[in-house]
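Notes follow once the structure below has been shown.
Position 1 is the first residue of the sequence; numbering continues from there. Because the structure is a prediction, the values reported are computed rather than measured.
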Amino acid sequence: VVEKGILGTADTFVRASGDITAKFVENSNLFSEGNVLVTEAVLHSNISARHNVVLREGKRSVVIGGVTRAGGSVAARTIGSDVATKTVIEVGYDPTIRSRTQDIEREVDLNRKNFESVKQGIETLNKLKEKYGALPAEKEELLKKLVTTARGIAEKIRQLQRELLDLNRRLSDAKPGVIVARDRVLAGCVLTIMNYTMQIDKPYSFVRFYLDQSADDIKFTEFKEIDI
């Protein structure tokens, strides 16, 4: 619990195993295993909560700029600004799991590139060995090292793919959250619910955005408060 607020820089990181509660958050990075509960404002910050991000009980209760991610839902009085500040809201997937899947996918790609490079080296040395019947001692030692390296990379890729499969199963079991605003959601906002994204190009008032799974689309309806 932060009695006043969190005013930081791009290098400011706050992590908590439970809820984070503050009056305001500005230019900061927050990671919560529970909820992020703010009274007045989240400004140009990156917020990740395993459960919900909720702004209530303040005169403004506004989210402007940055990226706000919640495994559950996001609720505020106002989302965005009158000058169309890009404000990204993502709900429905646990941010820690989603971030890890993205990291794994990048790591798999990198390992595959490394594997191909090592494989080419092995193929080149094997062609030389086939042509001349044998390799110089140092080339033979290099070949053995490359073969060992290739096996290690291949095993690493299999491990990452197993982890990715498990994480994707957990994501597939996730329930879509909602994005709600008691006052307005303004142009310039980008709303994502699970794998579906909606660009906001006009103001919406007293609104609740939800995922219509039968239509594979984000829809909106009258505001209704979320439970936390």
Determine the minimum heavy-atom distance between Leu125 and Leu146, stating which atoms define it.
-> CD1-CD1, 3.8 Å
Before accepting this row, confirm whether a basic side-chain N of the pair Lys156/Glu107 lies closer than 4.0 Å to the acidic partner's carboxylate O.
-> yes
Calculate, to the nearest 0.5 Å, the distance between atoms CD1 and CG belonging to Ile6 and Leu30 respectively.
-> 4.5 Å
Taking the side chain as C-beta and beyond, is there a heavy-atom pair between Arg69 and Asp94 under 4.5 Å?
-> no
If you look at every heavy atom in Glu40 and Arg60, which pair is closest and at what distance?
-> OE1-N, 3.2 Å
Test Ile89 against every option in Ile193, Val185, Val63, Thr192 by the side chain to side chain contact (heavy atoms under 4.5 Å, CB included) rule and name the one that passes.
-> Val63
Nearest heavy-atom pair of Leu7 and Ser28: which atoms, and what distance?
-> C-OG, 4.2 Å
Side chains of Asp212 and Ser214, donor plus acceptor under 3.5 Å = yes
Scanning both residues in full, the closest heavy-atom pair of Ile47 with Val36 reads CG2-CG2, 3.8 Å
So CG of Asp217 and OH of Tyr196: to nearest 0.5 Å the spacing works out to 9.0 Å
Which residue, Ile79, Thr68, Val190, forms the side chain to side chain contact (heavy atoms under 4.5 Å, CB included) with Thr87?
-> Ile79
Atom CD of Gln161: over 12 foreign heavy atoms under 6.0 Å = yes
Which of these, Asn46, Thr9, Asp11, Thr12, sits in a side chain to side chain donor-acceptor pair (under 3.5 Å) with Asn29?
-> Asn46
More than 12 heavy atoms of other groups within 6.0 Å of Arg56 CZ = yes
How about Glu155: does its CD atom have over 12 heavy atoms from other parts shown lying under 6.0 Å from it?
-> yes
Hey, what do you get for OG1 (Thr96) to CZ (Arg98), rounding to the nearest 0.5 Å?
-> 12.0 Å
Kindly say whether the aromatic ring centers of Tyr210 and Phe220 come within a distance under 6.0 Å.
-> no
May I ask you to say whether Asp109 pairs ionically with Arg106, meaning some side-chain N is under 4.0 Å from a carboxylate O?
-> no
